[in-house]
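Okay, so here's the structure we're looking at.
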Amino acid sequence: QVQLVESGGGLVQAGGSLRLSCAASGDTFSLYAMAWFRQAPGKEREFVAGMGRIGGNTYYADSVKGRFTISRDNGKNTVYLQMNILEPEDTAVYYCAARRFVFTKTTDYGDWGQGTQVTVSS
């Protein structure tokens, strides 16, 4: 089990950028596949981006391909989400999630952070 703490959210104008960070503690970080999800008001939580344990494979939702980049630094026990060309539709609470060994695009993750708010103004 890992504990996850997100940071880096905020208010940004459309077209701007933000970088989210998720710091992990409590277990061996490199054993975990990592993912970012988001949840907008009144909507279900949805997959945004994910990465396998070693970091070679990355996965993105179609809505963020070409704009968002996920990366991880196993030495720092941290996963990042670089978000560029932000749109008002990206407004949501962003959560990072960890799953031991196996990556999935579903919400079937055992460990979640508390979330960080991203608001994009038009």
Side-chain angles (χ1 to χ4, degrees):
Q1 186 176 6
V2 291
Q3 291 75 50
L4 304 171
V5 179
E6 302 99 332
S7 61
L11 173 64
V12 64
Q13 288 188 331
S17 298
L18 283 174
R19 188 175 84 153
L20 306 183
S21 299
C22 174
S25 62
D27 198 353
T28 305
F29 181 65
S30 60
L31 294 178
Y32 288 80
M34 299 298 297
W36 288 93
F37 289 78
R38 67 187 181 187
Q39 188 165 19
K43 295 188 177 181
E44 292 188 352
R45 191 169 297 188
E46 64 175 359
F47 171 80
V48 174
M51 174 173 273
R53 290 180 291 148
I54 299 174
N57 296 326
T58 57
Y59 309 87
Y60 297 95
D62 288 342
S63 59
V64 306
K65 278 181 183 176
R67 300 188 298 122
F68 290 13
T69 302
I70 187 171
S71 61
R72 67 189 294 164
D73 185 336
N74 285 351
K76 294 183 178 180
N77 292 354
T78 302
V79 62
Y80 304 97
L81 185 67
Q82 178 66 45
M83 306 186 294
N84 298 328
I85 318 175
L86 283 160
E87 303 169 351
E89 293 74 22
D90 296 317
T91 295
V93 178
Y94 284 71
Y95 300 89
C96 71
R99 191 168 192 254
R100 222 160 185 262
F101 302 130
V102 180
F103 169 80
T104 178
K105 291 183 181 181
T106 72
T107 55
D108 189 19
Y109 282 74
D111 300 300
W112 293 84
Q114 82 289 348
T116 185
Q117 176 71 47
V118 172
T119 303
V120 184
S121 62
S122 57

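Tyr109 and Arg99 share no side-chain donor-acceptor pair at under 3.5 Å. Thr78 and Asp73 form no side-chain donor-acceptor contact under 3.5 Å, judged by distance and modelled atom types alone.
Judged by the 6.0 Å distance and 45° axis criteria, Arg72 is not positioned over the aromatic ring of Tyr80. Annotation: cation-pi geometry not satisfied between Arg53 and Phe101 (NZ/CZ under 6.0 angstrom from ring centroid, within 45° of ring axis).
Closest approach of Lys43 and Gln39 over heavy atoms only: O-NE2, 3.1 Å. For the pair Thr116 and Gly9, the tightest heavy-atom approach, listed with the atom from each and the gap, is OG1-N, 3.2 Å. Nearest approach of Asn84 to Ser17, heavy atoms of both residues: OD1-OG, 2.9 Å.
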**Request:** Dump the intermediate steps for side chain to side chain contact (heavy atoms under 4.5 Å, CB included) on Gln1 and Asp27, then the final yes or no.
**Result:** CA-CA 6 Å; Gln1 186 176 6; Asp27 198 353; 5.7 Å; no

**Message:** Could you walk me through whether Phe47 and Thr104 satisfy the side chain to side chain contact (heavy atoms under 4.5 Å, CB included) test, starting with their C-alpha distance in whole Å, then the side-chain angles of each, then the deciding distance to 0.1 Å, before giving a yes or no?
**Reply:** CA-CA 9 Å; Phe47 171 80; Thr104 178; over 6 Å; no

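Looking at heavy atoms from C-beta onward, Phe29 lies in side-chain contact with Met34 at the 4.5 angstrom threshold. Residues Tyr95 and Arg45 meet the side-chain proximity criterion, which asks for heavy atoms closer than 4.5 Å. Side-chain contact between Leu81 and Arg19 is absent, with no heavy atoms from C-beta onward closer than 4.5 Å. With a 4.5 Å cut-off on side-chain heavy atoms, Phe37 and Cys96 do not count as touching. The shortest distance between side-chain heavy atoms of Arg100 and Asp111 does not fall below 4.5 Å.
In summary, of the residues considered (Gln117, Glu6, Arg38), a side-chain hydrogen bond (donor to acceptor under 3.5 Å, both in side chains) with Tyr94 occurs for Arg38 alone. Screening Ile70, Val48, Thr69 for a side-chain contact (heavy atoms from CB on, under 4.5 Å) with Val64, the sole residue that qualifies is Val48.
If you take OG on Ser122 and CD on Glu87, they are separated by 12.0 Å, rounding to the nearest 0.5 Å.
Here Val120 pairs with Val12, Ala14, Leu86, Pro88, Asp90, Thr91, Val118 under the side-chain contact (heavy atoms from CB on, under 4.5 Å) rule; sequence neighbours left out.
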